[in-house]
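Reviewing the structure listed below.
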Protein chains: 2
Amino acid sequence: MRPLVHPSIEDVTVEGILHALADPVRVAIYAGLAASEKGTSCSAFLQLDDREIPKSTLSQHFRALREAGLIRSERQGVEMRNTTRCGEINQRFPGLLPAVMGAYQQQLMDRIKAAKRKGGKARGV
Amino acid sequence: MRPLVHPSIEDVTVEGILHALADPVRVAIYAGLAASEKGTSCSAFLQLDDREIPKSTLSQHFRALREAGLIRSERQGVEMRNTTRCGEINQRFPGLLPAVMGAYQQQLMDRIKAAKRKGGKARGV
DNA sequence: TTCAATAGTTCGCAACATATGAACTAACGA
DNA sequence: TCGTTAGTTCATATGTTGCGAACTATTGAA
């Protein structure tokens, strides 16, 4: 089993970051990791936003985030401790991550508002 | 020949924008359009950064940008007038586009600096 | 040790996406 | 009507993604 790959911060690319964060599932994972102080295991995201994510799919998403340089994963006993590398990235690309996450936040709020206007339950997928 | 599709600004998604801008060719096109005041034809980008882009590939890239909501394309006689929709997008997702384009700019400058440090010619691809 | 349990990874394949040459269409000007 | 220029669409080869099944690593008993 090959060891986990973490690019050094100089090898992190903007296109890589954008590609990784162009997927709602990965964004949700990233946001979850960013919110937790001391790192989170992968399996914490098996259930995400009412959606079931298969284990193998989750693993691929973590790999994508890791190889884009967005997160760091290290074994801690039987499970994984995942943390964001937002400090390093903010230093290399100041303002990029806040802008992206802020835009997603904005989009979420717009959707909630739009769902309310339609009167029914929030069915936005 | 089906008419060109332009999503209304409420239908523009963050994931769509990021996916479109996760490609260096499309970013170069977008930057070129953003720099020009009165719109630019597609064929202006057939030669890009020393690279030859095939016509059909270019057409797909323009379609991607268009359907992500990043640009507007309208026929002007025999050619196309492409313009960015950055005004609308900045209103809907304030700060997103400047942050992304700024990060690419940063990356470009870092690469130039790194190439200089290595002494040789700028071979960074 | 050996066995079972838990947490992730890797493999294989089907479905989807992308790049590009070739053929096509649309607008214009002889 | 023909030729030219500018883009689009089609066909296809190649690449990427999602997911079940099989595998690996670590820990904790028995």
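Residue numbers start from 1 in every chain, and the chains themselves are labelled A, B, ... in the order their sequence lines are given, proteins ahead of strands.
- Summarising the local packing, CD of B:Gln91 is surrounded by 12 or fewer heavy atoms from other residues, nucleotides or ligands at distances under 6.0 Å.
- Rounded to whole Å, atom C1' of D:dG7 lies 13 Å from atom CZ of B:Arg63.
- Atom CD in A:Gln60 sits about 15 Å away from atom C1' in C:dA14, given to the nearest Å.
- The separation between B:Met1 atom CE and D:dA6 atom P is 15 Å, rounded to whole Å.
- Between A:Arg26 atom CZ and D:dT17 atom C1' the separation is 9 Å, expressed in whole Å.
- Side-chain proximity of A:Leu4 to C:dT9, D:dC10, C:dG8: nearest is C:dT9.
- For B:Thr57 and C:dT20, the shortest distance from a side-chain N or O to OP1 or OP2 is below 4.0 Å.
- Of all nucleotides listed (C:dA19, C:dC11, D:dG7), D:dG7 comes nearest to the side chain of B:Ser41.
- Atom CD in A:Glu52 sits about 14 Å away from atom C1' in D:dG20, given to the nearest Å.
- Contact annotation for B:Arg66: backbone-only contact, meaning every heavy-atom pair under 4.0 Å involves sugar-phosphate atoms and none involves a base.
- Rounded to whole angstrom, the span from the NZ atom of A:Lys55 across to the C1' atom of D:dA22 amounts to 10 Å.
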Item to complete: Go through the steps to decide whether B:Glu88 and B:Arg72 satisfy the test salt bridge (charged side-chain N to carboxylate O under 4.0 Å, His left out), and finish with yes or no.
Response: CA-CA 11 Å; B:Glu88 294 170 86; B:Arg72 192 178 294 284; 3.2 Å; yes
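- Neither OP1 nor OP2 of C:dT20 sits under 4.0 Å from any side-chain N or O of B:His61.
- Across all strands shown, B:Ser43 has heavy atoms under 4.0 Å from sugar-phosphate atoms exclusively, and none from any base.
- Residue order along DNA chain D, read from the 5' end via each residue's closest nucleotide, puts A:Ile53 first among A:Ile53 and A:Gln76.
- Using a 4.5 Å heavy-atom cutoff, the side chains of B:Glu15 and A:Asp23 are not in contact.
- Taking only distance into account, the side chain of A:Ser59 never meets the base of C:dG8 through a donor-acceptor pair shorter than 3.5 Å.
- Summarising the geometry, the separation between CD on B:Gln47 and P on D:dA6 is reported as 15 Å, rounded to the nearest angstrom.
- By the 4.5 Å heavy-atom criterion applied to side chains, B:Met80 and B:Glu74 are not counted as neighbours.
- The distance between atom CZ of B:Phe62 and atom P of D:dT9, rounded to the nearest whole Å, is 15 Å.
- Here the CG atom belonging to B:Leu65 is positioned 7.0 Å from the CG atom belonging to B:Leu21, to the nearest 0.5 angstrom.
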